[in-house]
S.K.: 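The structure's right below; bear with me while I get my questions together.
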Amino acid sequence: MKFFILAYKNLKRRKSRSFLTIGGVAVAVAVLVALLGFNAGYQEALTSDVDKMGYQVIVTAKGCPYEAATMILSGEAGLRFMDEDIYNQITSDPDIDKITPLLAQLAYDPEKQGGKGGFINYLGIEKSYIELKPNVKFKSGGWFSAENANEAILGYEAAESEQKSVGDKISIPDKDITLIIVGIFERTATQEDGAVFLPLKTTQRVFDIEGKLTGIGIKLKQIEKISEFEERLYPIASIQVISMSQVKGTILNLVNSAKILIMSVAFIAIFVAIIGVINTILMSVFERTQEIGIMKAIGASRSDIFKLIWMETLIICTLGGIFGSVIAIFGGNLTELLVRKVMPYAPGGRLLLITPDLLVYSFLGVIIIGIISGLYPAFKAASMRPIEVIRSGE
Amino acid sequence: MQDKIVLEAKNLKKHYHRGSEIVKALDGVDLKIKGSEIISIVGPSGSGKTTLMNLIGCLDKVTAGSLKIGDNDVASLEEIDLIKIRRENIGFIFQRFYLIPTLTVRENVELPLIFAKKNINAKNILDLLKEVNLEDKEGIQVKHLSGGDKQRTGIARALVNDPKILVADEPTGKLEIKVGEQILELFKNLSEKGLAIVIATHNLELAQATQRIIHLQDGKVVPKEKSDLYY
Ligand SMILES: Nc1ncnc2c1ncn2[C@@H]1O[C@H](COP(=O)(O)OP(=O)(O)OP(=O)(O)O)[C@@H](O)[C@H]1O
Ligand SMILES: [Mg+2]
């Protein structure tokens, strides 16, 4: 305990230097925790997004399949159009368990977000949509009164942010129409929480795209049959079949390559932090050459000096670890914002999953770093010979 | 008990290598010191004073000859055992004080106890601080102290382990004459309680105030008449 105080007071002697070093360690830890947390969080969020989707397969108009997939995941359902006939054509396929047509539209609303402006997703759906989505439930209200009604159902967040409830009216920008809100969905923690749902027919009419769809969501009786199913659809030239597990894999691949890049940045940060720690401690050892010699003269053994210098390293690393974890936790929102901007597709749930486990491991990692980077300076100090040191000061 | 020999050196040698040359910093020194004795070691620069002090203080290994401190023959000991002897028998004070500037007076004084893994007895420390006239300054960081008070702190630190020999290399070199005299007075009080004190100095006045003067020249003890008293 006394050694601890001694070490602590030594660090206090050069406050700004100690502080900068601690800062370096903190940044390295924060980056590491954020990255590892992101890794776990992103996969979990993506998996849950895909699972909540309910569809195993999506049929869209031909185009870049991944672009289409990410659009679907973000509730925009691939903005290329396909003919409604195709839906009627495949709906009787024997392998299909459930099937639902989708028509997504985007509209820019300058009033959104208190005047900042933003896009609103409109999603035209039929009743089968609810059957396909296991966790879509009504928070209040219910289904549309008719196939062609001027009615809307709001996603949870859409209702929250617009402060609307059942019975209120909304309009669509640039369209001469007023819709009555008949229902509000519960939170699903997917992108569709922000969407406005309309009856499919109404959507086609309002946006003037009669007979068109942007996608078809399908749940197969047996997912193993997917390749046979795909083959049967192959002759229809204008469409493509996308399996969600494939999409998940591709997105994860994309994320992984980004991750490797960021990981190398994290390792550089850690490396720099280690060098910083070693440098700081070595400098303070050399500055205190005489002091260390004197400590030996008044009874300190090699191992006492070793312990003392090592303790200083550990204090720096521990404080760095604590600050770093705090930064990672509280800076998590910022990281998330950044990630959402950078990543090709950001799932709806929290992207950063900072678990106690993760913190403990990162913390242990830092302590190990501290132990390692303290070795050399501590050894250097311990092997200083008192007489030479005292003489050099005469 | 006070006349017991606390230190005995016979034909003590310390040779250093400087390149291919051998420097005979001490070349056969005989010396006996009794408990409660204050002696001074004088001699021109390079005569071996500091070397002798380092050997007495168990800071360095003996090249040849014998050196007994208390009942221990230290000439043959390795560093790890020398530390033990040092902790139990030796108190050091230095011309430049060498205190730890960020610690308080009390913390500096306690340091040897921490290294010796001994319990810290607050009352003992206070008594010790009283003895060196620092009882009202125990909480002050030593960097704020005057030179005299720094040396008093150094003395208290040297005494805290209850040593048998106090080794002082130029203890008053950096102090004003008046303060130096006070320190000497303190030494006398301490020696009356049974502490042997060895002072290496260029200061003849200080030396003459001690009970015995050892003249060193070229690593050997010489009679007073033969020493180059250029100072
Ligand atoms: N580590 C060393 N390596 C080589 N030579 C040394 C070493 N230490 C001391 N010497 C030499 O030993 C001799 C005695 O040195 P010492 O420091 O004991 O003299 P001193 O009497 O204390 O001198 P001063 O009055 O200047 O303090 C000197 O010639 C010195 O250069
Ligand atoms: Mg000297």
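Atoms considered below: every heavy atom in the structure, side chains included; atoms not considered: hydrogens, waters and symmetry mates.
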S.K.: So which heavy atom on A:Lys9 is nearest to which on B:Glu107, and how close?
M.R.: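 Closest approach of A:Lys9 to B:Glu107: NZ-OE2, 2.6 Å.
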S.K.: Which atoms form the tightest heavy-atom contact between B:Arg87 and A:Ala300, and what is the distance?
M.R.: NH2-C, 4.3 Å
S.K.: Would you find more than 12 non-hydrogen atoms of other residues, nucleotides or ligands less than 6.0 Å from A:Phe267 atom CZ?
M.R.: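 No, because the 6.0 Å sphere around CZ of A:Phe267 holds 12 heavy atoms or fewer from other groups.
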S.K.: Can you name the side chain to side chain donor-acceptor pair (under 3.5 Å) partners of A:Lys307, sequence neighbours left out?
M.R.: none
S.K.: To the closest 0.5 Å, what do you measure between CD1 (B:Ile83) and NZ (A:Lys296)?
M.R.: 7.0 Å
S.K.: How about B:Glu78: does its CD atom have over 12 heavy atoms from other parts shown lying under 6.0 Å from it?
M.R.: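 No, because the 6.0 Å sphere around CD of B:Glu78 holds 12 heavy atoms or fewer from other groups.
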S.K.: Nearest 0.5 Å, what's the CG-CZ distance between B:Leu103 and A:Arg13?
M.R.: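 Rounded to the nearest 0.5 Å, the CG-CZ separation comes out at 7.5 Å.
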S.K.: Show your reasoning for whether side-chain contact (heavy atoms from CB on, under 4.5 Å) applies to A:Ile294 and B:Arg96.
M.R.: CA-CA 11 Å; A:Ile294 300 313; B:Arg96 287 162 169 256; over 6 Å; no
S.K.: Check this for me: A:Phe379, atom CZ, are more than 12 non-hydrogen atoms of other residues, nucleotides or ligands nearer than 6.0 Å?
M.R.: no
S.K.: Do you know the tightest heavy-atom contact between B:Phe94 and A:Ala297?
M.R.: CZ-CB, 4.0 Å
S.K.: Check whether more than 12 heavy atoms from other residues, nucleotides or ligands sit under 6.0 Å from atom NZ of B:Lys220, and answer yes or no.
M.R.: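 Not more than 12 within 6.0 Å, no.
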S.K.: B:Glu79 versus chain A, heavy atoms under 4.5 Å apart: side chain, backbone, both or neither?
M.R.: side chain
S.K.: Quick one: side-chain contact (heavy atoms from CB on, under 4.5 Å) partners of A:Ile327, sequence neighbours excluded?
M.R.: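 Partners of A:Ile327 by the side-chain contact (heavy atoms from CB on, under 4.5 Å) criterion, ordered by chain and then number, come out as A:Ala26, A:Ala30.
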S.K.: Does CD1 in A:Ile371 sit with more than 12 non-hydrogen atoms of other residues, nucleotides or ligands closer than 6.0 Å?
M.R.: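 Yes, CD1 of A:Ile371 has more than 12 neighbouring heavy atoms, counting only those of other groups under 6.0 Å.
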S.K.: For the pair A:Arg288 (side chain) and B:Ile100 (backbone), establish whether a donor and an acceptor sit closer than 3.5 Å, ignoring hydrogens and angles.
M.R.: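 Pair absent, no side-chain N/O of A:Arg288 close to backbone of B:Ile100.
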S.K.: Please classify the contact between B:Lys84 and chain A as side chain, backbone, both or neither, with a heavy-atom cut-off of under 4.5 Å.
M.R.: neither
S.K.: Should we count CD of A:Glu287 as having more than 12 external heavy atoms under 6.0 Å?
M.R.: yes
S.K.: A quick test of your reading: do over 12 heavy atoms of other residues, nucleotides or ligands sit less than 6.0 Å from CG of B:Asn133?
M.R.: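 Atom CG in B:Asn133 is packed in, count exceeds 12.
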S.K.: Please look at B:Ile120 and chain A and tell me whether the side chain, the backbone, both or neither of the residue comes under 4.5 angstrom of a heavy atom of that chain.
M.R.: side chain
S.K.: Could you give me the CA-CA distance, side-chain angles and deciding distance for A:Asp304 and B:Lys117, then say whether side-chain contact (heavy atoms from CB on, under 4.5 Å) is met?
M.R.: CA-CA 10 Å; A:Asp304 288 334; B:Lys117 281 96 197 161; 2.5 Å; yes
S.K.: What's the verdict on side-chain contact (heavy atoms from CB on, under 4.5 Å) for A:Ile298 and B:Arg157, showing C-alpha distance, side-chain angles and the deciding distance?
M.R.: CA-CA 8 Å; A:Ile298 63 173; B:Arg157 180 178 71 181; 3.7 Å; yes
S.K.: Measure distances from B:Glu88 to the heavy atoms of chain A and classify the residue's part below 4.5 Å as side chain, backbone, both or neither.
M.R.: neither
